[in-house]
Asks: 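I have a structure here, written as structure tokens, and I will follow up with some questions on it.
Both backbone and side-chain heavy atoms feed into the values below; hydrogens, waters and symmetry mates do not. Whatever order the structure lists ligands and atoms in, that order sets their numbers, starting from 1.
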Amino acid sequence: MNFKRTILITGGAGFIGSHVVRLFVTKYPDYRIVNLDALTYAGNLENLSDIDQQPNYVFEKVNILDADELKRVFDQYQPDGVIHLAAESHVDRSIHSPLDFVYTNVIGTVNLLNQAKNSWNLNTKPCSLNNPRFYHVSTDEVYGALGETGYFTEQTKYDPHSPYSASKASSDHFVRAYHDTYGLPVVISNCSNNYGPHHFPEKLIPLFINNIIEKKPLPVYGDGLYTRDWLFVKDHATAIDKVFHEGNSGDTYNIGGFNEWRNIDLVKLLCRLMDEKLGNAPGTSEVLITYVKDRPGHDRRYAIDASKINKELGWKPSVTFEQGLAQTIDWYLSNGDWLTRVTSGEYQAYYDEQYGGKV
Ligand code: NAD
Ligand code: TYD
């Protein structure tokens with residue numbers, strides 16, 4: 001089959017990446033989607049079991065630190081677009097293993113930039129590719145922490161505090177440097193906290209849903225008054241689609257839902273909704289809330305000003321927080337098998353079962 005475009009999506013077996021892969025595979029049957037992922041603990045191919053037999057989908061188990069393998073994939077598929085989501089993504093893990101974040105998020109990203117630059121050969125011959133584009137998916141955490149008021153805009157100075165956010169900030173700088181130095185056509189987006197189906201249960205919302213189901217403590221860090229700006233993952237995926245196709249080359253777009261919640265308020269809402277869904281008496285789950293030692297370097301507040309993407313590209317979230325959270329809870333309650341296979345580690349066998357373990 002002749003495809004109109006080939007898009008390489010890195011980190012497509014992860015939480016956000018799997019939603020992006022599904023959106024592109026189903027919305028663009030004339031695109032070939034190559035999902036490149038190393039399948040770390042966070043990579044779960046079961047996230048894509050509903051679309052992995054589609055004729056326009058290919059999976060490649062490759063680590064972005066492996067430059068030879070990246071070259072092989074570029075030579076084999078000749079992608080004219082990259083959407084780069086592969087990363088180490090959990091702040092708490094970055095506090096314990098910062099170097100893993102430097103390797104994947106910084107060096108891995110530079111490897112990928114190099115490969116795109118070399119393969120697209122932009123400066124030495126007329127580029128035969130159809131509108132090549134390197135899209136780097138980043139986070140609002142690069143901007144640091146806000147006080148009680150104000151928003152992160154695309155002009156906010158970078159001020160990362162955790163090893164995770166420092167590594168993402170560094171990768172953003174490299175992406176811009178490849179644009180300015182080599183003319184690589186890039187676009188970057190910085191998004192707020194995502195939530196939704198297939199979220200690995202070590203992050204706040206899925207961890208707490210799982211703990212409520214299992215009647216385990218809900219560990220709230222510090223005073224619980226930290227504020228995050230939450231966006232439903234499928235809305236992030238539609239924003240990525242917009243930015244990839246319509247964003248200006250060299251530009252940055254902040255993505256968020258103007259949806260700030262203090263952690264403790266969010267946890268109480270989650271407890272109430274879970275009690276309703278589980279048929280528990282009101283207040284049953286709240287007793288599980290346990291204040292624990294704070295995360296070091298914990299950013300007080302994140303809040304995204306998403307007016308640029310709204311005004312320039314016409315994107316806005318499709319669901320309210322209440323709708324998205326209800327959908328998320330329903331998904332976890334009706335996908336107990338997914339949760340069991342993730343918490344037990346069984347999900348890691350899916351690659352061998354489907355692909356015969358070939359690398
Ligand atoms: P995730 O941890 O769920 O998934 C990351 C994926 O990358 C996994 O499938 C993993 O196997 C893969 N990966 C990790 N190291 C790799 C390597 N060396 N080579 C190839 N693949 C590798 O992360 P996520 O929450 O889906 O986040 C995706 C991207 O979006 C990240 O770049 C993250 O910084 C960014 N982001 C996340 C959020 C959020 O709230 N989760 C918000 C804004 C931006
Ligand atoms: P998290 O989901 O780890 O995302 P991030 O740190 O990237 O924002 O955490 C969201 C917020 O919830 C953050 O302020 C830390 C807090 N938190 C807890 O209070 N308890 C927990 O067990 C976790 C995982 C997070």
Side-chain angles (χ1 to χ4, degrees), residues 9-21 35-45 47-48 60-66 69-70 83-95 100-101 103-105 107-109 111-112 136-142 145 161-162 164-165 167-169 171-172 189-196 198-208 211 217-231 233 236-237 239-240 254-256 261-264 266-267 289-295 297-302 304 348 351:
I9 300 183
T10 72
F15 167 49
I16 301 170
S18 62
H19 287 278
V20 176
V21 165
N35 174 12
L36 183 152
D37 197 297
L39 299 183
T40 68
Y41 79 94
N44 182 352
L45 284 180
N47 292 351
L48 292 166
E60 285 284 349
K61 185 178 176 189
V62 169
N63 194 313
I64 55 170
L65 288 167
D66 187 339
E69 272 291 277
L70 286 185
I83 304 179
H84 176 38
L85 296 110
E88 287 291 342
S89 70
H90 190 193
V91 174
D92 293 325
R93 284 180 186 254
S94 81
I95 293 166
D100 291 346
F101 286 68
Y103 289 133
T104 286
N105 297 0
I107 299 173
T109 298
N111 257 342
L112 199 58
H136 179 60
V137 176
S138 192
T139 167
D140 60 355
E141 304 196 23
V142 299
H161 297 134
S162 73
Y164 165 64
S165 53
S167 68
K168 291 295 291 188
S171 65
D172 293 9
S189 61
N190 296 83
C191 187
S192 61
N193 285 64
N194 284 214
Y195 69 96
H198 296 123
H199 205 181
F200 196 82
E202 67 179 5
K203 303 278 177 87
L204 181 75
I205 291 179
L207 175 72
F208 281 29
N211 286 9
L218 307 176
V220 173
Y221 297 162
D223 60 8
L225 300 180
Y226 294 86
T227 299
R228 296 292 181 265
D229 182 353
W230 294 94
L231 182 69
V233 64
H236 189 187
I240 288 174
N254 280 356
I255 304 174
W261 284 80
R262 295 189 313 180
N263 290 344
I264 191 62
L266 166 53
V267 170
I289 293 174
T290 312
Y291 288 92
V292 299
K293 191 164 167 287
D294 210 348
R295 169 190 280 173
H298 200 168
D299 287 331
R300 196 61 169 167
R301 174 171 168 260
Y302 300 145
I304 278 278
Q348 286 170 321
Y351 174 70

Asks: Heavy-atom contact under 4.0 Å between Tyr164 and ligand 1?
Replies: yes
Asks: Are any of the N or O atoms of Thr40 closer than 3.5 Å to those of ligand 1?
Replies: yes
Asks: Would one find an N or O of Asn63, backbone or side chain, under 3.5 Å from an N or O of ligand 1?
Replies: yes
Asks: Which class fits the ring pair His298 and Tyr226: parallel under 30°, tilted 30 to 60°, perpendicular over 60°?
Replies: parallel
Asks: State the atoms of ligand 1, each with its element, that fall below the 4.0 Å cut-off from a heavy-atom position in Asn193.
Replies: 40 (O)
Asks: So, is Gly14 polar-close to ligand 1, with some N/O to N/O distance under 3.5 Å?
Replies: yes
Asks: Are the charged groups of Lys61 and Asp66 less than 4.0 angstrom apart, N to O?
Replies: no
Asks: Should Asn194 be counted as touching ligand 1, given the test is an N or O pair under 3.5 Å?
Replies: yes
Asks: Would you please test His19 and His236 for ring-ring contact (aromatic ring centres under 6.0 Å, His included) and show each step?
Replies: CA-CA 9 Å; His19 287 278; His236 189 187; over 10 Å; no
Asks: Can you find a non-hydrogen atom of Leu65 under 4.0 Å from ligand 1?
Replies: no
Asks: Which residue owns the protein heavy atom closest to atom 22 (C) of ligand 1, what's the atom, and how far is it?
Replies: Ala86 CB, 3.8 Å
Asks: Report the nearest protein non-hydrogen atom to atom 3 (O) of ligand 1: residue, atom name, distance rounded to 0.1 Å.
Replies: Phe15 N, 3.0 Å
Asks: Does ligand 1 have an atom under 4.0 Å from some heavy atom of Ser138?
Replies: yes
Asks: If you measure every N or O of Thr104 against every N or O of ligand 1, does any of those distances drop under 3.5 Å?
Replies: yes
Asks: For ligand 1, is there an atom lying under 4.0 Å from some heavy atom of Leu85?
Replies: yes
Asks: Which protein non-hydrogen atom lies closest to atom 20 (C) of ligand 1, naming both residue and atom, and how far is it?
Replies: Ala38 N, 3.2 Å
Asks: May I ask you to identify, for His84, whether its side chain, its backbone, both or neither come under 4.0 Å of ligand 1 on a heavy-atom basis?
Replies: neither
Asks: Using the side chain to side chain donor-acceptor pair (under 3.5 Å) rule, take His136 and Thr109 through it: C-alpha gap first, then chi angles, then the decisive distance, then the call.
Replies: CA-CA 9 Å; His136 179 60; Thr109 298; 4.8 Å; no
Asks: Under 3.5 Å between any N/O of Asp37 and any N/O of ligand 1: does that happen in this structure?
Replies: yes
Asks: Could you check atom 19 (N) of ligand 1 against the protein and tell me its nearest heavy-atom contact, residue, atom and distance included?
Replies: Ile64 N, 3.0 Å
Asks: For atom 42 (C) of ligand 1, which protein heavy atom lies nearest, and how many Å away is it?
Replies: Ser192 O, 3.3 Å
Asks: Which heavy atom of the protein is the closest neighbour of atom 23 (O) of ligand 1, given with residue, atom name and distance?
Replies: Ser89 OG, 3.3 Å
Asks: Please compare Leu45, Thr139, Asn105, Ile16 and report which has the shortest non-hydrogen distance to atom 38 (C) of ligand 1.
Replies: Ile16
Asks: Side chains of Arg228 and Tyr195: is there a donor and an acceptor less than 3.5 Å apart?
Replies: no
Asks: Are Ser18 and ligand 1 in contact, using a heavy-atom cut-off of under 4.0 Å?
Replies: no
Asks: For a distance cut-off of 3.5 Å, show me each N or O of ligand 2 paired with any protein N or O, plus the separation.
Replies:
from     : atom 1 : to     : atom 2 : distance (Å)
ligand 2 : 2 (O)  : Leu204 : N      : 3.0
ligand 2 : 3 (O)  : Arg295 : NH2    : 3.0
ligand 2 : 4 (O)  : Asn193 : ND2    : 3.3
ligand 2 : 6 (O)  : Arg295 : NH1    : 2.5
ligand 2 : 6 (O)  : Arg295 : NH2    : 3.3
ligand 2 : 7 (O)  : Glu141 : OE2    : 2.6
ligand 2 : 8 (O)  : Asn193 : ND2    : 2.8
ligand 2 : 8 (O)  : Arg228 : NE     : 2.8
ligand 2 : 12 (O) : Asn263 : ND2    : 3.4
ligand 2 : 14 (O) : Arg228 : NH2    : 3.4
ligand 2 : 14 (O) : Asn263 : ND2    : 2.9
ligand 2 : 14 (O) : His298 : NE2    : 2.7
ligand 2 : 19 (O) : Tyr221 : N      : 2.9
ligand 2 : 20 (N) : Pro219 : O      : 2.7
ligand 2 : 22 (O) : Pro219 : O      : 3.3

Asks: So, does Val62 sit close enough to ligand 1 that a heavy atom of it is under 4.0 Å from the ligand?
Replies: yes
Asks: Tell me which protein heavy atom sits closest to atom 32 (O) of ligand 1, plus the residue, atom name and distance to 0.1 Å.
Replies: Lys168 NZ, 2.6 Å
